[in-house]
Amino acid sequence: MEQVTGQGQASFARAPGLLLLGGAIVLAYILLAILAGSVSGYDPDIIDLNQLLQPPSALHWFGTDHLGRDVFSRVIHGARIDLYIGFAGVIAPLLIGTLVGLVSGFFGGPLDALMMRLVDLTVAFPFFVLVLAIVAALGPGVESYFIALACVGWVTYARIIRAEVLVIRSRDYIAAARTLGLHPLYILIRHVLPNAISPVAVYVMTDIALIIVFGASLGFLGMGSQPPTAEWGVMIADGQTYISSAWWICFFPGVAIVLLGLGFSFLGDGLASLLRAGR
Amino acid sequence: MGLFQLLIRRCLQLVPILIGISIVVFALVRLTPGDPARLLVGPRVAEEVLVEIRQRYGLDQPLPIQYARYVGQLIIGDLGHSFRYKIPVSQLIFNHLPPTLFLVCYAIVLTLIPTLILATVAARRQGQWPDHVIRVIGVAGMTMPVFWLGIMMSRLFGVSLGWFPVSGYGEGFVDHLHHLFLPAVSTAIWVTPILVRNLRSALLEEMDSDYVLAARSKGLPEGYIFRRHILGNSLLPTLHLLGVLVAYLLGGTVIVETVYAVPGLGQLMINSVLARDYFVIQGLTLYFALATVLVTFAVDVATAAIDPRVKL
Amino acid sequence: TIRMATPYKATVLDPTKSAAAGEIELFGQLYARLLRRSADGKLEPGLAESWEVSDDGKKFVFRLREAKFSDGSPLTAADVAFSLSRALGEGSAYPAPFSAIESVEAEDERTVVVNLKAPAAPFLGYMEIFNAGIVSKADVEARGPEKAFTENPVTSGPFMVKEWKPNDRLILERNPHYWRTGHPKVDQVALIEVADTNTRIAMLQGGEIDVARDAPFAQVGELDASDKIDVPLHPSTVIYMTLLNHGRAPFNDIRVRQAAAHALDVSALTKAVTHGHATPANTTLPEALLFHHKDYPGISQDVAKAKALLAEAGAPQGEAVIMVTAGSVLSEQLAVLIQAQWAAVGLKSKIEKVDVGLWWDRLTTGDYDAAPSWWYNETEDPDLAARWALCGACGNKSFYTNYNNETVNQLTEQALNEIDPEKRKALYIRMQEISTEEVSQIPLYYPPYTNAYSTRVKGLMLSPALQWNFEDAEIVE
Amino acid sequence: MTQARRQGSKEPILSVTSLNVDFATAGGLVRAVEGVSLDLHLGEVLGIVGESGSGKSVTCRAITRLLPLSARVSGRILLEGDDILALDENDMRGIRGEKIAMIFQNPSTHLDPLMRIGRQIGEGLRFRLGRNARQARQEAIGLLADVRISEPERRVDSYPHELSGGMKQRAMIAGALACQPRILIADEPTTALDVTVQSAILDLLRDIRHGRDLAMILVSHDLAVIAQMCDRILVMKDGRVVESGEAEEVVQRPQAAYTRILIDSQPEIMARRRSGAGHRAPLRAERPGEAMFRIENLTVEFSGRGGLLSGLLGTAAPATRAVTDLSLEIGHGETLGIVGESGSGKTTLARCLVKLVLPTAGRIWFCGHPICTMSRRDTVDYRRRVQMVFQNPYESLDPRMSAAQAIAEPLLRHRIAKGGAVGHRVRELMGMVELPVSLATRRPRQLSGGQCQRVAIARALAMEPQVLVADEITSALDVTIQSQILGLLQNLRERMGLTIILISHDLGVVRTFCHRAAVMQGGRLVETGAVEDLFGRPGQDYTRQLLAAIPRMPHTDLRGQSQSPPAAANP
Ligand SMILES: Nc1ncnc2c1ncn2[C@@H]1O[C@H](COP(=O)(O)OP(=O)(O)OP(=O)(O)O)[C@@H](O)[C@H]1O
Ligand SMILES: Nc1ncnc2c1ncn2[C@@H]1O[C@H](COP(=O)(O)OP(=O)(O)OP(=O)(O)O)[C@@H](O)[C@H]1O
Ligand SMILES: [Mg+2]
Ligand SMILES: [Mg+2]
């Protein structure tokens, strides 16, 4: 007697695996962030001008940077600020974008046209002007970054989810829900959203990683974290002049971001396959 | 309704938005601290000089009057002059447009094919090693800051191997291809993984749908089923994501342009913002709006072309 | 062709319309001046063959040599008078050097007379600086100042504009009518604007350019070690310092300022930031200027004293704001170091990174406590430097620090009119002593230029006062 | 001699031995098929009948190895001596399409929404038989004509969503027949077809079977169809085969108890036994005043879409008229049957009634209120009173909601039941439609066609509507459950005065269950009248054709029946 199971394995059997792996990685980071103080051994901001640019050693596992700070403890402490940036930065765009995409795609008509032109406008809006204005108004810092992101980042979510909704709304189960006299908003939340969310679930995890990286790229506008905060993106940016002489300054924060990105990637895919299996 | 009429309608819908965006941008840039006059002539100038410059450009007028003037100019098709360069904004934009356009198209070309291939492989080998390899490389590519990647690539392909120039735009098509290769690749390296992740997920979603089953029941080759049935149905969300990304890229890939010294719109924008070159910022904003509408329109047309259930 | 990548932008070609670094370096290539400096920094005849000074030092008579503009038209005294009047008159970006001038007259075709309000020691030197360049009166009047300087300006210097792509590059080609026959030796100079340091270095290493302006200190050693690249570390008039806002607490209190200065280990800090390539600063004026007070000990690190001073002043409330321009790596590093060393003596501070525009706004409105920054002087004479950085009555509140010491203000004016170099020296030394003692700013270090040159280029250098000698440089293959 | 006997000595082309199929579900492994064995010979038609949810579809899919990933299959399936379960995907692909083709039970989801149906039909031709695009298209048109789709040249370029339920089903059949398979597995291929088309399709299958020695497995709830078409019959219940044998034998002398019930509950038979109208409550005295529904000059058009290029050139395809100038009244408590050709606009009419499709012209009144101009609040109220069961129940259920959730939703949202009463009511409703409680947590994908259908019915009934618009509610149900559901509806009709609009292809059901019937063709109302009149003295040609095409249970010579060509020639 043989066992034959379609091709490959059942996708929902795999979902928890990916989710677990991704969750474990992200959780590990969260733990590191919480316990940063006791794990790292050095104060991340302590400057030691006698220990500039030391290569990795038993004393300094990841070496020291151009100001003699311990890269290992900076990487560890970086988890704190970077997780914060990632999560806090994604939340508003996610919520706003999802809402706009849902409503716009579902109700269509003039509302949709209006919303989509608003999306166009937002995409077209000069981001740097926005950033400057926000920084000028609120002062430099990560919070300004979040606000700038919230103003702009939702667009992507809105477009993605709207594309899904446009197809879903013509399905019979939505028609059926209508004939049940259910409130359109309820239909939107209960029937449309769960069926449209999976690309968003994947993108949001990508987005978190992008937000962390992008923050560093905006440093030149006074955006993102302020020195001397240990933040991976900034550490990499600072280290770029030392690429040939002190690779470790960029390398370890880079690895930290990649690993975290992987964690989120697993999480996103796991979530998506869970959603798939939920059908 | 013909496509062309639709496009016209889109552009008409754009008009109020343009007005809105121009007012907001106008107000924002002017309310943001930072004196264009000082940035224009260097730090060591005397206060009187600054006053004189502000007067000359009408910056001392109340905002509504300044705006009215600006709109008056716009109506006769004049985007104004750059404070810094004293040349028409339209000319400045026109000069910086080709590199950006070229770069974006180049990057898209370099993105699309790998995206399709990688997403396909990842989806079909879901959970197997090719999937994981693609994921790891993708995440690395995505999370690698562009400025860092730029340095590495310049060093490797520009300095050590000498295969590609590390800066500039070049003269003539082939030269553009050569010069913009590294910038385009650097862009593709972070755009591709984003698209791959999304496409992969959508592919998986469609792969166990009933019509795929039906296609299998006809004994069609897997490759064909994939291309004709699964891909088309999965493409929409990714297409929209691509649309947004392209729209952003058309606004100038600031960092890539900076790292590879490509004289594109992104650089122009950031420099103008830093220098508070108001009219350039505003002119660029109008351009962005137009570019965005065109891209969105293209995506919407493509959506309707792919999916008959979606009406334009 | 000599190709140079520089972070400084060329935005205007009118010599009177800007005093920003990119233009300062450029104007000299386009517009010849009455005097010029030799390779060793001596003043020598330029467009003026010779000159005479009246005994009271208030009247200068310049004899012009036979010279032509790039369009072939003759360069006359009228052009000189026209140009100098523009430079000192309304609409000039930087009239300060010419403030002593009462009138400029063309006596005849060849003779220019300059009358001063009072004798001014640095005056001759000012006839050499970037905005004293001579432009064609006929052309400017014919085309109007906007057009004349955007489309193919008529130049008098070694080069003329071949192609200008604003915000990208400026290509200069040799001016066949330049008065120094045989110069320039190269046909073209391309000034390419490249904001990113690493890109400039990569371009140089990849052979795409011949000169990279401002290599990072971290890479100087490595670059110099390459046999294709030289980094000669020529002296500059640049000084890195920290501005302190005297206009508000805590730094309105001299004890806190002194504590802040004593808290810093300037030489360690210099070494860390510049990898030992710069000299720690001992006074408030740049080292490369005339009359720099070489032997002055400066304020040395003394943590105990700093703490004592702070205690005496009463511990400052809150955190001092250290404002830095975003994108300036060095300033940011300095800020971090300063913050740490201040913290060690109990002076709390936080760093705020803002973009250049905002930085200037906040600086001029006094919305900061400390601001690590840098400046340079366009001449080697300290007059303008003192007016800029030390004088509280010269229009910019001592670099917007609100430092205002009557004595220093008086000394500034006195030194301008004093002709005797020895006496001038004494005046400037006093000014340096007073201002350093009172911690008008905290001087940090005097960096050299870190321009990196391909070995293809011979004889090219940047003078301390930011003038290139492209006309003397050659390409050797 | 039947075909089977002629070939009896030969090896069967397909032989299934003790097939077991389990599904991994949230609640553990669920056995769907247990120990099923069957043999199929060339030129033979094997009928599978059985209770809804008894594993018919699963068995069929197991044979083509197209079960979902959560399925565990064991047993042996030999195709010409090769064990299919041991083949790899590549070899399997060689088998599918040419050797075994499958018609799925649920045509609408089995068609790619983005591909024109002509292409979908032609795909097999191009890849299996190497036709080029033009040839494939031509053949697709031919096939569409074979399955009686009118205007095949136009329809070949339609997208699935532009087709009616029956058209999709026929497109599906055409696609399966395209590559001239040796074995055809047809899972309820005619549920959405009206009797005329159905008989044409059955004729077509019969012709192919004779012409090409096709072996066929036919799953159907329609015993008459099975009896007409099949040589042998397999009766399934609860995943097991309860009886199998020669068709004649099984029909005439059913052995298993279940088979007997099955045959007995055949509505036609029932109707005959119960002297016509007995089953149907007489319509209560006409209530005075307004009719429940008054439809006046209803016209519905769907804008055509001729692809992007033609859109560009301004030559978009002409609009499709689904309903043309239709006027009709439906009284309180009345049961109106709507019958008619597939694609004649029945579903469109139904969708108009529940405000899912807005009429292009014409008006509809509900109890004197025009429904098209109702306010939002009135609409909610209206929808509480008028419920619809969709033609394709599977599509009408949210893929993420379990059966119980789907049924509970209206209860909760409209506060029809509260707290613990909800669960109770859900179970009650499931019981009413004969759904085992064990299916409560299943999602639509994990249910059989008939089970989905019943979930949809229960959901509609949960609203306690005054009007039920039922689009083909019986087609996916076996006769026993069918008669139970009809009994339930009748009960409701009698107790609560439920008005029912029943769209059905099953004229037997309409005749026994409805008071009045309306016949539609090409979007127009051809004829309406009391069923007795209509069925007894049809006034229109089309109605007569319909009646003539009703498949009947053979009572006498089965052999003669199955070999005589058109069923329409029957008395
Ligand atoms: N993916 C699945 N997961 C779990 N159970 C399933 C799945 N698919 C089918 N089943 C169950 O298997 C049983 C047999 O289903 P099948 O579809 O074969 O029924 P059927 O005989 O075709 O019924 P119908 O006449 O209603 O179509 C049903 O009880 C059904 O609920
Ligand atoms: N969305 C649509 N776009 C275009 N044409 C449509 C659309 N929906 C239905 N039609 C067309 O309208 C006509 C009537 O379809 P309808 O679904 O009402 O038929 P039906 O009577 O229910 O048929 P069946 O018995 O096969 O379900 C058909 O020709 C169909 O192709
Ligand atoms: Mg079934
Ligand atoms: Mg229908």
Side-chain angles (χ1 to χ4, degrees), chain B residues 32-36 38-50 52-53 56 81-87 91-92 95-96 99 147-148 150-151 153-155 157-160 162 164-169 255 258-264 267-268 270-277 280, chain C residues 5 9 11-14 17-24 90-96 146-147 149-151 164-169 192-196 198-203 205-209 327 354-365 367 375 378 384 388 394-396 399:
Chain B
T32 301
D35 178 4
R38 183 179 296 278
L39 296 165
L40 189 61
V41 291
R44 301 281 283 264
V45 297
E47 199 57 42
E48 310 85 69
V49 181
L50 296 180
E52 194 263 342
I53 292 177
R56 177 142 36 99
H81 278 59
S82 156
F83 293 154
R84 287 185 300 166
Y85 300 112
K86 317 280 183 294
I87 60 174
Q91 186 188 332
L92 208 51
N95 288 344
H96 286 74
F147 54 82
W148 200 78
I151 299 170
M153 299 235 292
S154 301
R155 290 198 166 208
F157 296 108
V159 178
S160 304
F164 297 100
V166 300
S167 73
Y169 175 51
I255 304 196
T258 307
V259 168
Y260 292 103
V262 178
Q267 276 217 47
L268 180 64
I270 186 68
N271 287 330
S272 305
V273 166
L274 288 175
R276 311 287 193 273
D277 200 343
V280 182
Chain C
K9 302 196 153 297
T11 59
V12 276
L13 305 181
D14 181 343
K17 286 290 181 279
S18 171
E23 280 88 23
I24 292 180
E90 204 168 293
S92 167
Y94 192 43
E146 297 265 298
K147 266 238 162 74
F149 292 107
T150 46
E151 291 158 17
W164 185 31
K165 293 187 187 160
N167 201 38
D168 176 19
R169 63 189 60 209
I192 309 166
E193 290 165 20
V194 181
D196 189 71
N198 286 295
T199 310
R200 293 197 298 274
I201 301 304
M203 288 168 79
Q205 289 172 325
E208 286 170 39
I209 51 166
V354 296
D355 92 288
V356 194
L358 192 51
W359 191 87
W360 278 104
D361 244 51
R362 289 179 59 174
L363 186 78
T364 49
T365 52
D367 180 17
W375 55 278
E378 301 82 351
L384 293 173
W388 171 246
C394 302
N396 57 22
F399 206 158

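Throughout, protein chains are lettered first and strands after them, A, B, ... in sequence-line order, and every chain is numbered starting at 1. It should be emphasised that the depicted structure is a prediction, and the values quoted were computed from it without experimental measurement.
For the pair B:Arg38/C:Thr364, a side-chain contact is recorded, criterion being any heavy-atom separation below 4.5 Å from C-beta on. Contact annotation: the side chain of C:Pro166 approaches that of B:Ile87 to within less than 4.5 Å [non-hydrogen atoms, C-beta and beyond]. Contact of the B:Lys86 side chain with the C:Val12 side chain is registered, since non-hydrogen atoms from C-beta on lie closer than 4.5 Å. With contacts defined as side-chain heavy-atom distances shorter than 4.5 Å, the pair C:Trp360/B:Asp35 does not qualify. Side-chain contact between B:Arg276 and C:Asp355 is present, with at least one heavy-atom pair separated by less than 4.5 Å. Side-chain contact check for B:Arg84 versus C:Lys9: some heavy-atom pair is nearer than 4.5 Å.
Contact count versus chain B (heavy atoms, under 4.5 Å) is highest, among C:Ala20, C:Pro95, C:Ala21, for C:Ala20. Looking only at heavy-atom pairs under 4.5 Å with chain B, the residue among C:Asn396, C:Asp361, C:Asn167, C:Leu13 that has the most is C:Asn167. With chain B as partner, the option from C:Lys165, C:Glu378, C:Glu146 having the largest number of non-hydrogen pairs under 4.5 angstrom is C:Glu378. When the candidates B:Asn95, B:Val259, B:Ile53 are compared by the number of heavy-atom contacts under 4.5 Å with chain C, B:Val259 comes out ahead. In terms of heavy-atom pairs under 4.5 Å with chain B, the best-connected choice from C:Ile209, C:Thr11, C:Asp168 is C:Thr11. Ranking C:Phe149, C:Tyr94, C:Trp388, C:Trp375 against chain B, the residue ahead of the rest is C:Trp388, based on heavy-atom pairs under 4.5 Å. In terms of non-hydrogen atom pairs under 4.5 Å with chain C, the most contact-rich of B:Gly162, B:Pro165, B:Gly168, B:Ala261 is B:Pro165.
The side chain to side chain contact (heavy atoms under 4.5 Å, CB included) check on C:Asp196 picks up B:Thr258, C:Asn198, C:Thr199, with sequence neighbours excluded. Legend: residues meeting side chain to side chain contact (heavy atoms under 4.5 Å, CB included) with C:Lys147, ordered by chain and number and at least two apart, are C:Arg143, C:Glu151.
Here CZ of C:Arg200 is found 12.0 Å from OG of B:Ser167. Values are rounded to the nearest 0.5 Å. Put simply, CD1 on C:Ile201 and OG on B:Ser154 are 11.5 Å apart, with the number rounded to the nearest 0.5 Å.
Looking at B:His96, only its side chain comes within 4.5 Å of chain C, counting heavy atoms on both sides. Using a 4.5 Å cut-off between heavy atoms, C:Leu384 touches chain B through backbone and side chain atoms alike. Of the atoms belonging to C:Ala19, heavy atoms from both backbone and side chain fall under 4.5 Å from chain B. Heavy atoms closer than 4.5 Å to chain C are found in the side chain of B:Arg155, but not in its backbone. Proximity to chain B is limited to the side chain of C:Trp164, based on heavy atoms less than 4.5 angstrom apart. Only the side chain of B:Asn271 comes within contact range of chain C, judged by heavy atoms closer than 4.5 Å. With a 4.5 angstrom heavy-atom cutoff, B:Ile151 touches chain C only via side-chain atoms. Using a 4.5 Å cut-off between heavy atoms, C:Lys17 contacts chain B through both its backbone and its side chain.
Scanning both residues, C:Leu358 and B:Pro33, for their nearest heavy atoms gives CD1-CG, 3.2 Å.
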